[in-house]
Amino acid sequence: MKINKEPELKYNNSGSKTKIKVQNLTKSFSGITVLNKINLEFISGEIHGLVGQNGAGKSTLGKIIGGHYQSSSGEIFLNDNLIQKWSSKIALDNGIAMIHQELALVPGMTVYDNIFLGIEENKFGILGKKNINLFNKLEKNIGFNLDPNQKVSNLRIADQQKVEIVRALARNAKVIIMDEPTSSLTNDEVIKLHDLMNRLKNAGYLIIYVSHFLDAIIEVCDKVSILRDGSLIRSSKIQDETKTSIVEAMLGTKEEIAFPSKIKDRPFGKKILELTNLETKNGVNDVNLKIYAGEIVGLLGLVGSGRTEILRSIFGIDTIKKGSLKYESKKVNFKKVEDAIKKGIVMIPEDRRKLGLVFTQNTKSNISITNLEIISKNQVINNQKENELVKELISLLDIKPTSLDGNIAFYSGGNQQKVLFAKWIFNSPKLILLDEPTRGIDVGAKRKIYELINNLSSKGVAILLVSSELEEVMGLADRAYLIKNGKTINEIIPKNVTIDNVLFELFDAKKVINE
């Protein structure tokens, strides 16, 4: 099959605009309404932001426009033509592509093959030069520095997101729906992405930008539409909004975004974990840190600095080559994850879809799956005990819907993350390793997660936190270590330093001074 015309950053030569209009759009899952009579218009030549708490319906709206979901009622118009039949393929054929928060790539294939999958130009099974020339042209325009021969499974999430973006452009999409595209990108990569979005907008493309990063929305969008509980609160020009006004509309209150307050100078318990000159085969190189019961310790570093690899070495995923790991004052070297779990160590991974949850199982099964021994006798599950414990966790974490049999595939990102937390705190762990615990969730859901983290630490649980949002680590952690090239380069007390100083040190520009 031959590809469409090579996409330059220009397509609207005629001056005509692409317009998408949704009218009284409603969507329900299992009897629960997630979108309620939405009326909105999107026009090419603009970046239109969709914001709201997790569960507000913003991603669902994007997926309906992209043809991945069918609406329950209401109408969609494309260039004033009522759409009678719609699917992701038909949408793509009409120039509408969606980049999902949960990426849809083929892990075993290369970057190049993923980009041109389904639109390969070949003759007798041999790829032609047109695809190669197009890849080179896109790479030159975008500057993502992707290796076309690299397997997608070996890429970090940030680079996989780049592959999705190039894939959409390779299909000559004129409307690109981006669902949380910056959640795993560095600041420099976000700047590049925003620059690309602006160039696409100026060339006549329409970008629908779903994000919980309000600073990014304000910086790059022309319009913003705010959703709450499935309803459209308002749609405004971005210059008419502020971060505070958007948050108030999202939450329905005038509450400020804040981290839970801490008890001043509260004492911590015994030393839970100590790493000394730790080195692994996967990027950890001379790491030294310690953490006490009830303490929240953060790892601050740039993407690729080795933060996640430190968590993996503690959890028994990556093999320790040198140095020592002491847990509760005893030297250990977990050979497998099960050994760490039995000792009271759990890990909440960055990618909840691939590494955290089982999407073919319901809420109850996902929460109890790692704790069957607690609710079983003679290998027979006590259903009453299971139901009681799961209900208690659903209530404690405010998971919605509250059904034990809920289909988590249709849960918002924030509620999926709460289910993941429930799964691991089911058996009262002593140490929790958190890798990007609020990735892809909104400000309201973040507040709930922050409160949960704080409550767990107040009950004596030690927490080791990794987050690309420096404000998150600085706001939650009692202490933090700066990580660079797989090494711990400094230890700080977050309340005594500024984020600017941390960034200066990570970029070798200035030393952090503990006041």
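Throughout, numbering of the chain's residues begins at 1 and tracks the sequence. Owing to the predicted nature of the structure, the values given are computational and were not obtained by experimental measurement.
- Counting only distance, with no hydrogens or angles, the side chain of Asn454 and the backbone of Tyr450 share no donor-acceptor pair below 3.5 Å.
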Take Ile489 and Glu505 through the test side-chain contact (heavy atoms from CB on, under 4.5 Å) and record every step on the way to the result.
CA-CA 9 Å; Ile489 61 171; Glu505 180 154 5; 4.2 Å; yes
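- The two atoms that bring Ile493 and Asp478 nearest to each other are CG2-O, 3.9 Å, heavy atoms only.
- Taking the side chain as every heavy atom from C-beta outward, Ile425 and Val461 never approach each other to under 4.5 Å.
- For Asp195, the salt bridge (Lys or Arg N to Asp or Glu O under 4.0 Å) partners are Arg199, not counting sequence neighbours.
- Inter-residue side-chain proximity for Ile165 and Ile176 is flagged as unmet; no heavy-atom pair is nearer than 4.5 Å.
- In this structure, Leu275 and Val284 have side chains that are not in contact, with every pair of non-hydrogen atoms separated by 4.5 Å or more.
- Panel note: side chain Asn149, backbone Thr110; no donor-acceptor pair is recorded below 3.5 Å.
- For Phe29 and Phe410, the distance between ring centers is under 6.0 angstrom.
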Applying side-chain contact (heavy atoms from CB on, under 4.5 Å), run through Met250 and Ile226 and close with a yes or a no.
CA-CA 6 Å; Met250 285 170 54; Ile226 306 165; 3.8 Å; yes
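- The line from CE of Met347 to CD1 of Ile317 is 5.0 Å long, rounded to the nearest 0.5 Å.
- No donor-acceptor contact under 3.5 angstrom links the side chains of Glu164 and Gln160, judged on distance only.
- Side-chain contact check for Ile341 versus Pro429: every heavy-atom pair is 4.5 Å or farther apart.
- Applying the salt bridge (charged side-chain N to carboxylate O under 4.0 Å, His left out) test to every pair with at least one member in residues 375-385, sequence neighbours left out, gives no pairs at all.
- Legend: side chain to side chain donor-acceptor pair (under 3.5 Å) pairs involving residues 330-342, not counting sequence neighbours: none detected.
- What you find for Ile177 and Gly66 is that their closest heavy atoms are CD1-N, 3.6 Å.
- Remark: the backbone N or O of Val106 is paired with a side-chain donor or acceptor of Asn114 at under 3.5 angstrom.
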Taking it one step at a time, do Asn362 and Ser365 satisfy side chain to side chain donor-acceptor pair (under 3.5 Å)?
CA-CA 5 Å; Asn362 61 21; Ser365 296; 3.0 Å; yes
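- Scanning for side chain to side chain contact (heavy atoms under 4.5 Å, CB included) contacts around Thr319 gives an empty result, with sequence neighbours left out.
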Pair Glu180, Lys58 - check side-chain contact (heavy atoms from CB on, under 4.5 Å), show working.
CA-CA 11 Å; Glu180 305 288 3; Lys58 57 188 185 296; 4.1 Å; yes
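- Scored by the salt bridge (Lys or Arg N to Asp or Glu O under 4.0 Å) test, Glu328 finds Lys270, Lys430 as partners (sequence neighbours excluded).
- More than 12 heavy atoms of other residues, nucleotides or ligands shown are found within 6.0 angstrom of CG on Asn277.
- A heavy-atom distance below 4.5 Å is found between the side chains of Pro349 and Leu420.
- The closest donor-acceptor contact from the side chain of Thr363 to the backbone of Gly406 lies under 3.5 Å.
- Residues that satisfy the salt bridge (Lys or Arg N to Asp or Glu O under 4.0 Å) test with Arg312, not counting sequence neighbours, are Asp318.
- With Asn415 contributing its side chain and Ile399 its backbone, the two residues share no donor-acceptor pair below 3.5 Å.
- A distance of 14.0 Å separates OH of Tyr112 from CG of Leu146, quoted to the nearest 0.5 Å.
- Qualifying side chain to side chain contact (heavy atoms under 4.5 Å, CB included) partners for Ala480, counting only residues two or more places apart in sequence or in other chains: Leu300, Val473, Ile492, Pro494.
- Partners of Glu279 by side chain to side chain contact (heavy atoms under 4.5 Å, CB included), not counting sequence neighbours, listed by chain and number: Asn285, Lys321, Lys322.
- Closest heavy-atom contact between Ser313 and Leu325: O-CD1, 4.1 Å.
- Interatomic distance, Ser457 OG to Ile463 CD1, rounded to the nearest 0.5 Å: 5.5 Å.
- The backbone N or O of Ile408 sits less than 3.5 Å from a side-chain atom of Gln416, completing a donor-acceptor pair.
- Side-chain contact between Ile246 and Ile218: present, with at least one pair of heavy atoms (C-beta onward) separated by less than 4.5 Å.
- The salt bridge (Lys or Arg N to Asp or Glu O under 4.0 Å) check on Glu241 picks up Arg234, with sequence neighbours excluded.
- Ser395 contributes no side-chain N or O that, together with a main-chain N or O of Glu392, makes up a donor-acceptor pair within less than 3.5 Å.
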Apply side-chain contact (heavy atoms from CB on, under 4.5 Å) to the pair Val152 and Met109, showing each step before the final yes or no.
CA-CA 6 Å; Val152 163; Met109 296 178 69; 5.9 Å; no
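- Atom CG in Leu299 sits 5.0 Å away from atom CD1 in Ile483 (nearest 0.5 Å).
- Applying the salt bridge (charged side-chain N to carboxylate O under 4.0 Å, His left out) test to residues at least two apart or on different chains, the pairs with a partner in residues 282-302 are Glu295-Arg479.
- Residues satisfying the side chain to side chain contact (heavy atoms under 4.5 Å, CB included) criterion with Thr276, sequence neighbours excluded, are Glu274, Asn288, Ser324.
- Evaluation of the salt bridge (charged side-chain N to carboxylate O under 4.0 Å, His left out) test over residues 398-407, restricted to residues two or more places apart or in two chains, returns Asp398-Lys448.
- Checking Glu309 against Thr280 by side-chain atom types alone, no donor-acceptor pair falls below 3.5 Å.
- With hydrogens and angles disregarded, no donor-acceptor distance shorter than 3.5 Å links the side chain of Glu350 to the backbone of Asp435.
- Of all non-hydrogen atoms in Ser211 and Val51, the two that sit nearest each other are O-CG1, 3.6 Å.
- A side-chain donor-acceptor contact under 3.5 Å links Asn407 to the backbone of Ala409.
- When all heavy atoms of Tyr292 and Ala462 are compared, the pair lying nearest together is O-CB, 3.5 Å.
- Atom CG of Leu227 and atom CG of Leu232 lie 6.0 Å apart (nearest 0.5 Å).
- Of the possible donor and acceptor atoms, one in the side chain of Gln417 sits under 3.5 Å from a partner among the backbone N and O of Pro437.
- Across Leu431 and Leu464, no two heavy atoms sit closer than the pair CD1-N, 4.4 Å.
- Between Ile345 and Phe334 there is a side-chain heavy-atom pair separated by less than 4.5 Å.
- Using cut-offs of 30° and 60° for the angle between ring planes, the Phe315 and Trp424 rings count as perpendicular.
- At a threshold of 4.5 Å between non-hydrogen side-chain atoms, the residues Ile208 and Leu61 do not count as touching.
- To the nearest 0.5 Å, atom CD1 of residue Ile207 and atom CE of residue Met178 are 4.5 Å apart.
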